[in-house]
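These notes are about the structure you will find just below.
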Amino acid sequence: MAFRPEEVSSIIQRELEKQETKLESESVGSILQIGDGIARIWGLEDAMAAELLEFPGGIMGMVLNLEEDNIGAALFGPDSHIKEGDPVKRTGKILQIPAGEALLGRVVNAVGEPLDGKGPIVTDKYQLVESKVPNVIQRQPVKEPLHTGLKAIDSMIPIGRGQRELIIGDRQTGKTALVLDTIINQKTTDVHCIYVAIGQKESTVAQVVKTLEAHGAMEYTTVVSATASDPAPLQFLSPYAGCALGEYYRDSGKHAVVFYDDLSKHAQSYRQLSLLLRRPPGREAFPGDVFYLHSRLLERAAKFNEQMGGGSLTAIPIIETQLGDITAYIPTNVISITDGQIFLQTDLFYSGVRPAINVGISVSRVGSNAQTKMMKQVAGRLRLSLAQYRELEDFARFGSDLDKATIAQLTRGEKMVEILKQTQYVPMPIEKQVLIIFVANKGYLDDIPTEHLKRFEKEYHSFMDDEYPELVRELATKLEISDELDKKLEAPAEKFKKRFLESLQAKTAD
């Protein structure tokens, strides 16, 4: 058979034309040192700050330090199978997590992976974990109330949509209980809730989820969990992840509230990371940028103007103090960033005043702007009179002869403190809160024994619902007390008080 070179060359030519060549370039470095969830990497000169890196075994990490001859990265998983010399790849991506309605009712970790055993999260919506803070032009003043269902807060320390209100107090003073009541109270509103658990016990987070499920609150809530057993990088990342979930609703013109429980542990996890990355320590061994750590998180809370869709993201951080010391480093930092604080006091908690709010040093810097008109009308002087009552109470312990006016003020204060107490997980609609504070302000409770006030309140609300439902409806719809409504409310209050005192006397006679 004759060999024809031109035929062979034409076949080779055809094959070469079919052949496609693709050049792929990968940026790969190698690990210099690894341990405690921190890796030092050589060879990734073009890496970006906060960029995702891929480690052997599919473990992801994030760039935190950019130095002259190496980079420092935190790992989001175990480092037991990773060793020095292993390759590390750049991904070219900044960390983002799944967002949207698909996460409602779910428990996820700081990178958006489900922890509740309900299967994968199916969504095509993603949010950057670290995003730009809205500027001044995009915002509008905070003037829409976010009701907590707690009389003491809604009447004296109101929270508005888009506000940042700090809850601060020692351990076991009811901080998380206050958060859970607020979440349960959003059942009848259009507010989506995100609860971020940072550095807590897994059993505590499970109990929170169980409580929310029992009250039907998980339908509009997402729980982001980075427990004490999780690596420090996940604890550090979790509040930013929770904030990103809330930003999805804010940017869509909806409303969300994020609870960070708590930022003391968040600062501690960041201190651990910083010291392992050999960053210079400052006060209390925290790094110099620990203020920026929390300010860049909390400043993302905002009430957008109408051009931006009018959505809002409210931030409610929690700080745990040691022996009530609010002048420590992290508490003062966060107090200076937020728009007010609710201080829970141990002495009040153990004396039975729950929620244990110290009215003297608790404040909302948004003030009555975030209150409905009817609440402003009944609670205008409540805060001041309670603060005066606390002072008089201390004074009265030493004085034996007190004039009539002082005795009257002490009596009214005692009744008010009792009325503002509330059972856990029973948030109260705003119109019911206004009803009982209205009755207390008018002096109807002054001659009722303090131990019977809880019963009076419960029975009074039932009486109003049964016999005067139109007045309760008018309060709920008009949200203000006109002179006419004021007179209308006095008659049932007098009628019920008379009936209640008669029943008390009958019981005493028996």
Side-chain angles (χ1 to χ4, degrees), residues 31-42 44 47-53 60-77 79 94-95 110-111 128-133 164 166 168 196-200 224 226-228 230-244 258 260-301 315 317-322 325-338:
I31 296 174
L32 293 173
Q33 185 186 5
I34 181 109
D36 298 312
I38 297 291
R40 289 197 170 277
I41 304 152
W42 178 84
L44 293 178
M48 303 179 285
E51 184 183 349
L52 275 184
L53 302 177
M60 302 306 284
M62 187 169 80
V63 177
L64 286 176
N65 264 25
L66 294 170
E67 296 176 24
E68 278 186 39
D69 53 351
N70 67 75
I71 64 168
L75 277 75
F76 301 141
D79 60 10
I94 302 294
L95 185 62
V111 288
L128 288 174
V129 168
E130 291 262 17
S131 66
K132 204 174 173 186
V133 168
R164 300 150 303 173
L166 171 66
I168 186 167
V196 185
I198 311 160
Q200 296 185 33
V224 180
T227 58
D230 285 323
L234 286 178
Q235 291 183 42
F236 154 71
L237 206 62
S238 56
Y240 299 102
C243 190
V258 191
Y260 305 108
D261 192 2
D262 63 272
L263 290 188
S264 312
K265 293 190 182 77
H266 180 232
Q268 286 160 19
S269 70
Y270 186 59
R271 173 169 64 184
Q272 181 183 327
L273 279 178
S274 296
L275 293 173
L276 288 166
L277 285 163
R278 300 278 186 271
R279 291 182 181 175
R283 180 174 160 189
E284 289 180 33
F286 285 106
D289 65 339
V290 76
F291 181 91
Y292 177 60
L293 172 80
H294 289 148
S295 65
R296 76 176 191 261
L297 170 71
L298 296 170
E299 284 293 331
R300 285 159 73 177
I318 294 174
I319 288 284
E320 187 179 291
T321 52
Q322 307 292 326
D325 181 17
I326 61 166
T327 61
Y329 190 26
I330 301 301
T332 48
N333 270 356
V334 181
I335 285 171
S336 67
I337 298 164
T338 51

Next item on the list: Please name the pair of heavy atoms, one in Gln235 and one in Gly199, separated by the smallest distance, quoted to 0.1 Å.
Entry: OE1-CA, 3.6 Å
Notebook entry, point to check: From Tyr329 OH over to Glu284 CD, what is the distance, rounded to the nearest 0.5 angstrom?
Noted result: 8.0 Å
Notebook entry, point to check: Which heavy atom in Ala73 sits nearest to a heavy atom in Leu277, and how many Å separate them?
Noted result: N-CD2, 4.3 Å
Check: Quick one: are Phe286 and Leu293 in side-chain contact, heavy atoms under 4.5 Å?
Finding: no
Note to self: Strictly by side-chain hydrogen bond (donor to acceptor under 3.5 Å, both in side chains), give each pair with a member in residues 64-74 just once, sequence neighbours left out.
What the structure shows: Arg40-Glu67, Arg40-Asn70, Asn65-Glu67, Asn65-Arg279
Next item on the list: Please state whether the rings of Tyr270 and Phe236 are parallel, tilted or perpendicular, taking 30° and 60° as the class boundaries.
Entry: parallel
Checklist line | Beyond-backbone contact of Pro331 with Asp325, side-chain heavy atoms, under 4.5 angstrom | finding: no
Item checked: CZ on Arg300 to OG on Ser295, rounded to 0.5 Å -> 11.5 Å
Notebook entry, point to check: Roughly how far, to the nearest 0.5 Å, is the CD1 atom of Ile38 from the CG atom of Leu75?
Noted result: 7.5 Å
Note to self: With a 6.0 Å cut-off (strictly less than), is the heavy-atom count around OH of Tyr292, excluding the residue itself, greater than 12?
What the structure shows: no
Notebook entry, point to check: Within the side chain of Arg271, is there an N or O that forms a donor-acceptor pair under 3.5 Å with the backbone of Val290?
Noted result: no
Notebook entry, point to check: Would you say the side-chain atoms of Asp262 pair up with the backbone N or O of Ser264, donor to acceptor, closer than 3.5 Å?
Noted result: yes
Check: Can you name the closest pair of heavy atoms from Val224 and Ser238 and give their distance?
Finding: CG1-O, 4.0 Å
Margin query: Consider side chain to side chain contact (heavy atoms under 4.5 Å, CB included). Of Ile71, Val63, Leu95, which one does Glu51 pass it with?
Written below: Val63
Notebook entry, point to check: Side chains of Val196 and His266: closer than 4.5 Å at any heavy-atom pair?
Noted result: no
Check: With a 4.5 Å heavy-atom cut-off, do Gln268 and Ile330 have their side chains touching?
Finding: no
Note to self: Could you measure the distance from the OG1 atom of Thr227 to the CG atom of Leu234? Nearest 0.5 Å is fine.
What the structure shows: 9.0 Å
Check: Is the shortest heavy-atom distance from the side chain of Ile318 to the side chain of Glu320 under 4.5 Å?
Finding: no
Next item on the list: For residues Pro233 and Leu273, determine if any side-chain heavy atom of one lies less than 4.5 Å from a side-chain heavy atom of the other.
Entry: yes
Note to self: With heavy-atom distances below 4.5 Å as the criterion, would you say the side chains of Glu130 and Ile94 are in contact?
What the structure shows: no
Next item on the list: Start with the C-alpha gap between Leu263 and His294, add the side-chain angles, then the distance that decides, and say whether side-chain contact (heavy atoms from CB on, under 4.5 Å) holds.
Entry: CA-CA 8 Å; Leu263 290 188; His294 289 148; 3.8 Å; yes
Check: What residue among Leu166, Val334, Val133 forms side chain to side chain contact (heavy atoms under 4.5 Å, CB included) with Leu298?
Finding: Val334
Next item on the list: List the atom of Ala328, the atom of Thr332, and the distance in Å for their closest heavy-atom pair.
Entry: O-OG1, 2.8 Å
Check: Around atom CG of Asp289, are there more than 12 heavy atoms of other residues, nucleotides or ligands at under 6.0 Å?
Finding: yes
Check: Taking all atoms of both residues into account, what is the closest heavy-atom pair of Ala315 and Tyr260, and its distance?
Finding: CB-CE1, 4.0 Å
Item checked: Flag side-chain contact, heavy atom, 4.5 Å: Pro281 against Leu275 -> yes
